[in-house]
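Heads up: the structure comes next, in structure tokens.
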2 protein chains.
Amino acid sequence: MQNFVRIPRDLGHAIRQARREKNLTQADLATRSGVWQETISKVEAGRGGTKLDTVLALLAALDLELLISTRSKGSTSDFDNIFD
Amino acid sequence: MQNFVRIPRDLGHAIRQARREKNLTQADLATRSGVWQETISKVEAGRGGTKLDTVLALLAALDLELLISTRSKGSTSDFDNIFD
DNA sequence: CCTCTGTATGATCTAAAGATCATAGACGCA
DNA sequence: TGCGTCTATGATCTTTAGATCATACAGAGG
């Protein structure tokens, strides 16, 4: 798995996808990340902004990592359900 | 180039590094990213938090991309100057 | 030493994120 | 139909990021 984050919405998709793959509810993720369910709802939907701290907390709780790389031409994106 | 972002400070290092490689001053980056020099100073130093919007604006201006990947064991990090 | 350029910092103000509570909607299932 | 679970939303309050201005500080070169 390797997804690009160009806009905040991408982040939301990746998080929702990973959370579901792990069969976690937003509430579960909330407890193990320290971020509130309501906030997770907004982040996943891409509603409003997010602080880096919050992003990192969520990703860590989902065993995901954030990477920075020099821009590459091939934009591999593997979201299944874009519209949910 | 491919760096991990575990804590906000990592982000700052990557940005500073990329900015210097492109021979840009903080003021230059400020104008082309729409983020203020003072803010860039804080971000690079890891002082205080940052919003995802700001992060994305800076990375875009530096031709860097943000990626999310499943946690891998090998933590390849290639920061040269960690202490500056 | 003085100046120039780049970076850090400090103060104030505005906007927005996140905590918190309460509740509404959606959906599956008995 | 009604219950239980999960997600969305709405309101309020606190905290903080970022804009903005002004200025200090550090280093290089003359």
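Reckoned from all heavy atoms, side chains included, excluding hydrogens, waters and symmetry mates. So that the names make sense, note that chain A is the first sequence line, chain B the second, and so on, each numbered from 1.
Dashed line: the shortest gap from a side-chain N or O of Thr54(B) to OP1 or OP2 of dG18(D) is under 4.0 Å. The side chain of Arg19(A) places an N or O atom within less than 4.0 Å of a non-bridging phosphate oxygen (OP1 or OP2) of dT7(D). Side-chain N/O atoms of Trp36(B) include none lying less than 4.0 angstrom from OP1 or OP2 on dG18(D). An OP1 or OP2 oxygen of dA8(C) is reached within less than 4.0 angstrom by a side-chain nitrogen or oxygen of Ser41(B). When the side-chain nitrogen and oxygen atoms of Thr25(B) are compared with OP1 and OP2 of dT5(C), none of them lie within a distance under 4.0 Å.
In this structure, a donor-acceptor pair under 3.5 Å is present between the side chains of Glu44(B) and Gln26(B).
Rounding to whole angstrom units, CG of residue Asp53(A) and C1' of dA16(C) are separated by 15 Å. If you measure from atom CG of Leu56(A) to atom P of dG18(C), you get 12 Å, rounded to the nearest angstrom. Summarising the geometry, the separation between CG on Asn23(B) and P on dT7(C) is reported as 11 Å, rounded to the nearest angstrom. Whole-Å rounding puts the Gln37(B) CD to dA24(D) C1' distance at 12 Å. If you measure from atom CD of Glu44(A) to atom P of dT7(D), you get 7 Å, rounded to the nearest angstrom. Whole-Å rounding puts the Lys42(B) NZ to dA17(D) C1' distance at 7 Å. Rounded to an integer number of Å, the gap from CD of Gln26(B) to P of dT20(D) is 17 Å. Atom CD of Glu38(B) and atom P of dC13(C) are 17 Å apart (whole Å).
Checking dT9(D), dG18(D), dT7(C) against the side-chain heavy atoms of Arg47(A) singles out dT9(D) as nearest. The side chain of Arg16(B) lies closest to dT7(C) when the candidates are dA19(C), dT20(D), dT7(C).
With respect to the salt-bridge test (charged N to carboxylate O, under 4.0 angstrom), the residues Lys22(A) and Asp63(A) qualify.
Comparing Asp28(B) and Gly48(A) by the nucleotide of DNA chain C whose heavy atom lies nearest to each, the residue mapping closer to the 5' end is Asp28(B).
Taking CD1 of Ile40(A) as the start and OG of Ser33(A) as the end, the distance is 4.5 Å to the nearest 0.5 Å.
Distance alone, capped at 3.5 Å, is enough to place a donor-acceptor pair between the Arg19(B) side chain and the Leu24(B) backbone. Under the 3.5 Å distance criterion, the side-chain polar atoms of Thr54(A) are left unmatched by any main-chain donor or acceptor of Thr50(A).
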